[in-house]
Amino acid sequence: MLAFLNALTSYTFLSRALIVGVLVALCAALLGVSLVLKRYSMIGDGLSHVGFGALAVALALGVTLMAFAIPVVVLAAFLLLRISENNKIKGDAAIALIASSALAIGVIVTSLSGGMNADINSYLFGSILAMSEGDVYLSVGLSVVVLVLYLLFYHRLFAVTFDETFARATGTRAGLYNMLLAILTAVTVVVGMRMMGALLISSLVIFPALTSMRVCRSYRGVMVCSAVLSVVCFVVGLAASYLVGTPTGATVVVVNLVSFLLFAAVGRLRKLVN
Amino acid sequence: MPLITCRNVSLQYESTVVVEDVSFAVEEGDYLCIVGENGTGKSTLLKGLLGLLPLRGGEISFSGMERREIGYLPQQTPVQRDFPASVFEVVLSGTLGRMGRSPFYSREAKCAARENMARLGVDKLAKRSYRDLSGGQQQRVLLARALCATKKLLILDEPVAGLDPLVTSELYALIRKLNREGLTVLMVTHDLSGVLKDANKLLHLDKTVRFFGTPAAYLDTRAGQRMAGGGSNAGVS
Ligand SMILES: Nc1ncnc2c1ncn2[C@@H]1O[C@H](COP(=O)(O)OP(=O)(O)OP(=O)(O)O)[C@@H](O)[C@H]1O
Ligand SMILES: [Mg+2]
């Protein structure tokens, strides 16, 4: 651990990864609670694949990554939300189609523009070296915006998640908040994607929420627990990946998996005791 | 001026008309019971009243209150079984329509939530998880939430469905008490015999209005005798 702390002060790429990672982990955890409870987990996954496609195209065109990817993914979020709301039955199939198509387009564009091997690996599975200084500022800014918006609308998002019909009956504009959720998720996915990888970022959204739902009983409890858990798992994963030399994104996911199993066991035990 | 006036209301899903040409009025303090067989448009009519479904024709007007000030208890809330939320959080969410632009609940909102939990006898459950409650307790919590949203009008869609007879009569007693305290009650039910004594108006819906009047007059009609006789608690009339 001391080695990690030393490295943190001497390598800027590590401290950048830590700052952005913690913020993204926080955003993802909070949004994840709503997404999981609303049965929108698939949207997070779909968005990350679209994000990969957008990233590949942006690189090929030579435009700024985030500036290009964020509008594209937000647009996709609109689309995915519409699909999953309108026809509930085939919604998940449609999302899977869009996701794999975006992935395929991304792969083809990358290979045509010449940078197949090393690059594609880093987009799909993330790279801790990917952040430039500009990226860090932008990421921090966006994450703060996501966090503030989420907290401002926390109670409304709860009401819309718990019982959309009732919320709408009392004058809450549910469609608006669903959209807000999708847009915030889109931004979080794009910001986190470079480091965590397009294929792994959605686990950052889903794992903390599922894990804390094993033991927490109130909504606020789940929120707080997810947020703390997500940040802790990220930091542990980052440290472990640096010390052992494994890819960061994958390591963070495995740490999340371990904590999920632990919490699930605790939840089971508690049920048995009661 | 009646609290709610429905004039020639029609409602549809996609292109099928489900409710057609329904007119009735609800006065302040009324206890209106809506009956009808499965799939005859009762829940749909409530959705029209609540503004959840656009009207195909006709009009609904409220006087002395706004539409969003209705306290609504949905039929079988589609809340997932594993949703983590404490009872207090659920009840508090009923005050949402009143919080305007503020992002957080006011102190009054929290007071109102506590008050309504006490009114329905669920104040001891405040910290419990909603998902761990029994069906009857859950209905009381949702009723407390509905009370937080209104001072005037409760709209209840089959509040006793799936409850045992004892819990059912307790819930009816609660609703009767609320009605006596001045709340207007509008309730869809299949259990006619249970509410016949409480209700002062009755609407029999079968896509359109089959009967609208007092429960006593309804029992004199053929439809009324069939509904009352066909219920599970036959013979109570
Ligand atoms: N969301 C929907 N989309 C399309 N059709 C619907 C929808 N909801 C209800 N319907 C149809 O509208 C008709 C009336 O439904 P409604 O739910 O109003 O009946 P109900 O009187 O409340 O019945 P129940 O006693 O079973 O609750 C039914 O034929 C139903 O199939
Ligand atoms: Mg119904």
Side-chain angles (χ1 to χ4, degrees), chain A residues 32-41 86-88 147-177 180 208-226 263-264 267 270-271 274, chain B residues 14 43 46-53 66-106 109 126-133 141-142 145-146 148-150 153 155 157:
Chain A
V33 175
S34 305
L35 290 177
V36 166
L37 289 171
K38 271 180 129 348
R39 305 279 144 97
Y40 280 177
S41 311
N86 285 352
N87 39 13
K88 284 238 148 59
L147 284 176
V148 168
L149 281 177
Y150 190 86
L151 293 179
L152 278 181
F153 292 111
Y154 167 83
H155 293 296
R156 289 175 174 87
L157 286 170
F158 167 77
V160 170
T161 310
F162 180 72
D163 187 347
E164 188 166 325
T165 321
F166 180 85
R168 281 173 59 209
T170 49
T172 305
R173 287 157 67 192
L176 204 70
Y177 294 107
L180 179 72
L210 278 184
T211 304
S212 35
M213 276 165 63
R214 295 307 106 196
V215 293
C216 297
R217 286 170 177 174
S218 72
Y219 188 75
R220 184 152 51 153
V222 171
M223 302 291 301
V224 172
C225 182
S226 308
F263 273 60
R270 208 162 68 179
K271 238 177 215 155
N274 283 347
Chain B
E14 275 101 57
S43 300
L46 297 193
K47 281 187 198 153
L49 284 172
L50 290 159
L52 300 176
L53 204 62
E66 274 183 66
R67 165 174 274 159
R68 67 154 83 165
E69 293 171 336
I70 299 177
Y72 175 47
L73 183 65
Q75 178 177 16
Q76 284 164 2
T77 352
V79 176
Q80 311 119 19
R81 268 192 293 128
D82 54 349
F83 199 107
S86 72
V87 166
F88 187 59
E89 286 172 324
V90 172
V91 175
L92 201 53
S93 73
T95 63
L96 206 68
R98 283 197 266 148
M99 75 191 205
R101 287 182 183 283
S102 157
F104 303 108
Y105 292 118
S106 62
K127 289 217 165 70
R128 291 273 299 277
S129 192
Y130 176 80
R131 60 183 169 181
D132 298 336
L133 303 182
V141 170
L142 293 185
R145 178 184 68 166
C148 285
T150 190
L153 174 64
I155 291 192
D157 197 348

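Computed over heavy atoms, backbone and side chain alike; hydrogens, waters and symmetry mates excluded.
In this structure, the portion of B:Ser102 lying under 4.5 Å from any heavy atom of chain A is its backbone and not its side chain. In this structure, chain A has no heavy atom under 4.5 Å from any part of B:Phe88. If you measure heavy-atom distances from B:Ile70 to chain A, the contacts under 4.5 Å come from the backbone alone.
Inter-residue side-chain proximity for B:Phe83 and A:Tyr219 is flagged as met; some heavy-atom pair is nearer than 4.5 Å. Residues A:Leu37 and B:Pro84 have side chains in contact (heavy-atom distance under 4.5 Å, counting atoms from C-beta outward).
Closest approach of A:Ala169 to B:Leu50, counting heavy atoms only: CB-CD2, 4.0 Å. Between B:Ser93 and A:Phe166, the shortest heavy-atom contact is O-CE2, 4.1 Å.
Using modelled atom types, no side-chain atom of B:Glu89 and backbone atom of A:Ser218 make a donor-acceptor pair closer than 3.5 Å.
Partners of A:Thr170 by side-chain hydrogen bond (donor to acceptor under 3.5 Å, both in side chains), not counting sequence neighbours: none found. The side-chain hydrogen bond (donor to acceptor under 3.5 Å, both in side chains) search around B:Thr95 returns none, not counting sequence neighbours.
Atom OG of residue B:Ser86 and atom CZ of residue A:Arg217 lie 12.0 Å apart, to the nearest 0.5 angstrom.
Within 6.0 Å of atom CZ in A:Arg270, more than 12 heavy atoms from other residues, nucleotides or ligands are found, so the atom counts as buried in its surroundings. Shown here is B:Arg67, whose CZ atom has more than 12 heavy atoms of other residues, nucleotides or ligands within 6.0 Å.
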_side-chain contact (heavy atoms from CB on, under 4.5 Å) evaluation trace for B:Tyr72 with A:Thr165_ = CA-CA 9 Å; B:Tyr72 175 47; A:Thr165 321; 4.0 Å; yes
